[in-house]
Amino acid sequence: SISRMISSISARQGLLFCALFSALALAAALIGQFGFSLHPCDLCLYQRYPYAAIILIGGAGYALRLSPIGRRRLLLLCALLFALDAGIAFYHTGVEYGWFPGPTACSSDAKAGQTLEEMRAAIMGAPLVTCAQAMATIFGLSMAAWNALAAGFAALAAFVAWRKAK
């Protein structure tokens, strides 16, 4: 079973899993952006930061000579970063589906009564891609929703590996 497989890995192997999973997720986002012209909004970009941090932390934890306790601490940090990413992705999904209001950085701040120059500045400063619009859906779920599921799974796997690692 998956639980038995995860429980048999070391903290070092768990860190490698975290780094590789994050690299795959980041590569998928970059392929979508540059290969398929799926331009990211601000929340899309925020979801990439935990993955980049996990690549560095997991890679360093795997490659460096660390104590088992040091590796377990880094594995816990990776699990927390995956959980953070899942939270950002869930929030983004909620913005896309209208469950939550989006951040001000993802929308125009034009107000009634503004001068023509103020409205022009607001339009020119507005983001090219709004956080409330999914750029693509796969099997009915937005990329943010898929990321929430993937990061949530990775967080759970990393937490289990952290608990079981010696």
Side-chain angles (χ1 to χ4, degrees), residues 2 14-63 74-162:
I2 293 175
L15 289 166
L16 179 61
F17 163 80
C18 291
L20 292 176
F21 186 94
S22 294
L24 182 65
L26 204 50
L30 293 171
I31 289 169
Q33 179 179 350
F34 295 107
F36 297 100
S37 297
L38 299 174
H39 302 288
C41 69
D42 286 350
L43 287 175
C44 293
L45 295 174
Y46 295 156
Q47 292 171 73
R48 296 178 186 185
Y49 296 136
Y51 285 133
I54 293 167
I55 291 169
L56 294 174
I57 293 165
Y62 178 80
L74 291 180
L75 189 54
L76 176 60
L77 180 57
C78 288
L80 292 171
L81 286 167
F82 277 129
L84 172 66
D85 193 73
I88 296 168
F90 177 76
Y91 172 68
H92 189 189
T93 301
V95 170
E96 290 174 339
Y97 288 99
W99 304 335
F100 312 119
T104 56
C106 286
S107 60
S108 174
D109 61 352
K111 298 174 184 75
Q114 288 182 319
T115 68
L116 187 57
E117 263 320 294
E118 290 170 333
M119 285 190 285
R120 182 178 182 278
I123 290 169
M124 296 306 289
L128 295 175
V129 179
T130 176
C131 296
Q133 180 182 358
M135 290 301 295
T137 58
I138 302 168
F139 301 117
L141 294 177
S142 70
M143 291 173 56
W146 282 111
N147 187 43
L149 293 171
F153 165 78
L156 181 63
F159 275 121
V160 170
W162 168 74

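This structure is a prediction, so every number in the text was calculated from the model and none was measured.
- The two residues Ile88 and Pro50 have their closest heavy-atom pair at CD1-CG, 4.4 Å.
- Annotation for Ala86 and Ala151: closest pair N-CB, 3.6 Å, computed over non-hydrogen atoms.
- Note that CH2 of Trp162 is 12.0 Å distant from CG of Leu77, once rounded to the nearest 0.5 Å.
- At least one side-chain heavy atom of Trp99 sits under 4.5 Å from a side-chain heavy atom of Thr93.
- Rounding to the nearest 0.5 Å places CD1 of Ile54 at 5.0 Å from CG of Leu81.
- Looking at Leu141 and Leu149, their side chains come closer than 4.5 Å, going by heavy atoms from C-beta outward.
- Proximity of Met135 to Cys44: side-chain heavy atoms (C-beta onward) are nowhere separated by under 4.5 Å.
- In this structure a side-chain-to-backbone donor-acceptor pair under 3.5 Å is present from Trp146 to Ile138.
- Atom SG of residue Cys78 and atom CZ of residue Phe159 lie 10.5 Å apart, to the nearest 0.5 angstrom.
- Asp85 contributes atom CG, which lies 12.0 Å from atom NE2 of His92 (distance to the nearest 0.5 angstrom).
- Atom OH in Tyr91 sits 6.0 Å away from atom CG in Leu43 (nearest 0.5 Å).
- Across every non-hydrogen atom of Cys18 and Leu75, the tightest pair is SG-CD1, 3.8 Å.
- Taking CG from Leu74 and CG from Leu56, the interatomic distance works out to 11.5 Å, rounded to the nearest 0.5 Å.
- The aromatic rings of Tyr51 and Phe21 sit tilted relative to each other, their planes meeting at an angle between 30° and 60°.
- Among all heavy-atom pairs drawn from Glu96 and Cys131, the shortest one is CG-O, 3.4 Å.
- What you find for Ala19 and Gly58 is that their closest heavy atoms are CB-C, 4.0 Å.
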- Message: Determine whether Tyr62 and Leu20 satisfy the following criterion, side chain to side chain contact (heavy atoms under 4.5 Å, CB included), listing intermediate values before the conclusion.
- Response: CA-CA 11 Å; Tyr62 178 80; Leu20 292 176; over 6 Å; no

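- Remark: side-chain polar atoms of Thr137 are not paired, donor with acceptor, to backbone N or O of Gly140 under 3.5 angstrom.
- Nearest heavy-atom pair across Leu30 and Arg48 is CD2-NH1, 3.6 Å.
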